[in-house]
Amino acid sequence: MANVEHGGRPGDFGATAPGTAKARLGLVRAGLWLIAAVLAVRQVAVVLSTPKGERLTDLETWVGPDGVLHVNGSLYDSTRFTGTPFGGLVLKPLTKAAEQALGWGWTFGTLLLVVALGLVAARALPQPVSRRTALLAAPVAISLLMLSLPVRNTLYLGQTSIIPVLLVLLGCFAVRGERTSGLLIGLAAALQPTVLLFAPLLWFTGRRRAAVSSGLTFAALTALAWASMPHDSYTYWVHHLAGVGLGRPADDLGNQSLHGALLRMGVEGPVEIGLFLTLGTAVAVLGLRRAVRYARDGQLLLAVAITGCVAVVVAPTTWQHQLLWVLLAMAGRVGKKAGDRYVWPVAVVLVMTLPAKMMLPNMASLYPLRDNVVLIAALAAATAVPFLSRTSEYYRSPIPTRYAEPVPTRWKRVPLLPFLRRVLTRPNLLLELLLIRVGYSAYQQVRLAATGGTNTGGRAVAEQHGEQIHSIEKFFFIDIEHWVNHAVVKVGWLEDFFNFYYSSFHFLVPLSVLGVLYARRPAEYRWARAALGFATLFALVGFWLYPLAPPRLMPELGFIDTVHGVQDFSQPDYGTLTALTNQYAAMPSLHFGWSLWCGLVIAILAPKWWMKALGLLHPLFTVSAIVATGNHWVLDAVGGAAVVGAGFGLTYLLQGPRPRPLAKAAGKPGEAEAAEGAEGADNTEGSGGSGGSGGSGGSEEVSIVGPAPAKGRNPN
């Protein structure tokens, strides 16, 4: 919450009484707590509904009836136990009540630890914070923790990795007295040795008693475990060099540490060890220096998060359930402009809540990034991300976002959400690309899930729906698909043209339109992007509710699949995307829907009449291609048009009418000039200028105001 607070809020559409604002804030807070509670219940339900032999497997390995803590001999004989000897000493008593610990008790205990962690983190935000942030931070923090992969893995596996993080936060923010603080951090280090990196942070920020206390506590607890289990202690600390080599292979994708990344890159032996020690030392020195600087700046939570990220990078093994430090790095503020404040927190949330394969395309050249995406985020937080100092003029008052003047409308309740007013500045490119990638990955997953997660799933239902669509088209005498399909096949060059058009322009044209709008018309880009996003969401609902077989996958109708060739209808093959797409997602047709969106956007925004005409040719060619190739029914195109219309309609309801650019007085630095008459006059934006304080640069702002009212009329 603190990260996304910024100036430049949308103008008010009407005065709001303090009592009303307080009631709304209370309602929002109650809603956020409800979301946190629902997420918590869901996580518990997922764990407890999993068959007993598949849930809490790590805890079962330790304290179950046949766990390593029951057997005679060393804890590390089987390498299944990866904790410290002190951790084994603490877990030993649980073996007497293993059955209870492996059920409700352990799961709810972990859940309470997560809630406590969220509450402490919310209270540790750098001061001063607004009342809104203070009230909303706790449920937001708990919700993000519940969604994060580390917490989900901890709950599912029965791990203890939340405890060291909570102990550190309690030691830094909750308890009084440096010795008590050091005692808690030393206890955390006895469970997870890399936590000792917090001792230098305490020392160099003036809390030297806490640093000494943490070191002494760690030494005393380690010595206690050594005295109780000398052989295990020697095995862990000497033979395995503080746990190196225990558990899964160090080059496993789950090991998001620098050591694991080097092994995955093929660096091995003495060279890898030397490189790991050199780079690890450099990261530790640079990261701790940054942490000390931010701690002295009054951002202790950020300093703690940076130190934790250093621990993630330099540890020999850092498994997924040990990565919560990266999520805490959201406490830092990045960016001078209000619109850029969202980039870092959104990126962190996506990295910590989504599988890496959803973040980056499935391309071999991107595998090094995809396999180490969490490590890269931790490394960036520790060494590179330029978090703002509290003394910076932009820390509390970033360059504000500029908004268009509200456009009058005949309906008083439009826009339904006044805070979604038209933004004039260009959105952050990195954030846009990230959200587009994640959105498309989610789109692919939902399409596939509509038929049970397989390409052949739901075939019978899809073919039944195909017969329904065919019958309706016969009734209205629009069943032209078979005739068009066979007529095109007889003309070789026409078949090649439609095959090429179908397979090439579906993504190329929408991305090109978005790219041009982003570069030249940022305000219109946001409007067009919103309409496209809503249309795609409506289409996903259609895919889910009405799986439909396209004509080419209806065996009894005799269609020819001109793009993919003759099909085995039980195992259709449509190229490299066979495993990633759902061929029974035909209604509505997004091939036509996206092309219609392109045509309408070009027709509305293009300055020349011939550009508008060319734009409208694209949906015409697309509907011809999808019918000629046997990939869609005519009614699929009607459905595509319907969702696009619904997308533009919902955008209108939420944001109001699209503001029309009018010419403004020239000579004002940082403001581009625009001209767009009602008769379709050319619209050109200035590319020069020094760049005003309210935007992302001189070339990316558009001066947009509402239409001038007629004389004697009140536009409101």
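- At a threshold of 4.5 Å between non-hydrogen side-chain atoms, the residues L616 and I602 do not count as touching.
- Under the ring-ring contact (aromatic ring centres under 6.0 Å, His included) rule, F497 has a single partner from W493, F500, Y501, which is Y501.
- The two residues P588 and G639 have their closest heavy-atom pair at CB-C, 3.2 Å.
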Please determine whether side chain to side chain contact (heavy atoms under 4.5 Å, CB included) holds for the pair L590 and T536, giving the CA-CA distance in whole Å, both sets of side-chain angles, and the decisive distance to 0.1 Å. CA-CA 8 Å; L590 277 186; T536 304; 4.2 Å; yes

I469 and M587: side chain to side chain contact (heavy atoms under 4.5 Å, CB included), yes or no, with the steps? CA-CA 10 Å; I469 293 295; M587 172 64 79; 4.0 Å; yes

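- P547 has its side chain within reach of H465: a pair of non-hydrogen atoms, C-beta onward, lies under 4.5 Å apart.
- Atom CG of L379 sits about 11.5 Å away from atom CD of Q256, to the nearest 0.5 Å.
- F648 has its ring centre less than 6.0 Å from the ring centre of W527.
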The test is side chain to side chain contact (heavy atoms under 4.5 Å, CB included); show your working for N153 and Y156 and say whether it passes. CA-CA 5 Å; N153 273 270; Y156 186 77; 5.7 Å; no

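- Listed for the N485 side chain is a donor-acceptor partner under 3.5 Å among the backbone atoms of I560.
- Separating the SG atom in C598 from the NE2 atom in H618 is a distance of 4.5 Å, to the nearest 0.5 Å.
- Put simply, the side chain of W594 never gets that close to the backbone of V644: no donor and acceptor are under 3.5 Å apart.
- The backbone N or O of T629 sits nowhere less than 3.5 Å from a side-chain atom of R552 that would complete a donor-acceptor pair.
- Under the 6.0 Å cut-off for aromatic ring centres, H632 and F592 do not qualify, their centroids lying 6.0 Å or more apart.
- Between L635 and I478 there is a side-chain heavy-atom pair separated by less than 4.5 Å.
- Panel note: side chain R152, backbone L147; a donor-acceptor pair is recorded below 3.5 Å.
- With contacts defined as side-chain heavy-atom distances shorter than 4.5 Å, the pair I480/V634 qualifies.
- Side-chain contact between L144 and M330: present, with at least one pair of heavy atoms (C-beta onward) separated by less than 4.5 Å.
- Distance check, rounded to the nearest 0.5 Å: CZ of F559 to CG of N631 gives 11.0 Å.
- Contact of the F498 side chain with the V627 side chain is not registered, since no non-hydrogen atoms from C-beta on lie closer than 4.5 Å.
- Of all the heavy atoms in A628 and V488, the pair that sits closest is CB-CG2, 3.7 Å.
- Salt bridge status for R529 with E432: present, with a side-chain N to carboxylate O gap under 4.0 Å.
- Judged purely by distance below 3.5 Å, without hydrogens or angles, the side chains of Y518 and E524 never pair a donor atom with an acceptor atom.
- If you take CG on L375 and CG on L323, they are separated by 9.0 Å, rounding to the nearest 0.5 Å.
- One finds the CG atom of L253 at 8.0 Å from the CG atom of N372 (value rounded to the nearest 0.5 Å).
- You'll find the side chain of P550 reaches within 4.5 Å of the side chain of L553, heavy atoms only.
- Taking the side chain as every heavy atom from C-beta outward, W633 and L548 approach each other to under 4.5 Å.
- In this structure, OG in S148 is found 11.5 Å from CG in L354, a value given to the nearest 0.5 Å.
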Check the pair E463 / M554 against side chain to side chain contact (heavy atoms under 4.5 Å, CB included), numbers first and verdict last. CA-CA 7 Å; E463 290 184 356; M554 296 289 290; 4.1 Å; yes

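- Heavy-atom minimum distance, I626 versus A637: CD1-CB, 4.3 Å.
- Here the shortest heavy-atom pairing between L149 and Q320 reads CD1-NE2, 4.0 Å.
- The minimum heavy-atom distance between G647 and F534, with the atom names listed, is CA-CB, 3.8 Å.
- A pairwise comparison of heavy atoms in Q655 and A530 identifies NE2-CB, 4.4 Å as the closest pair.
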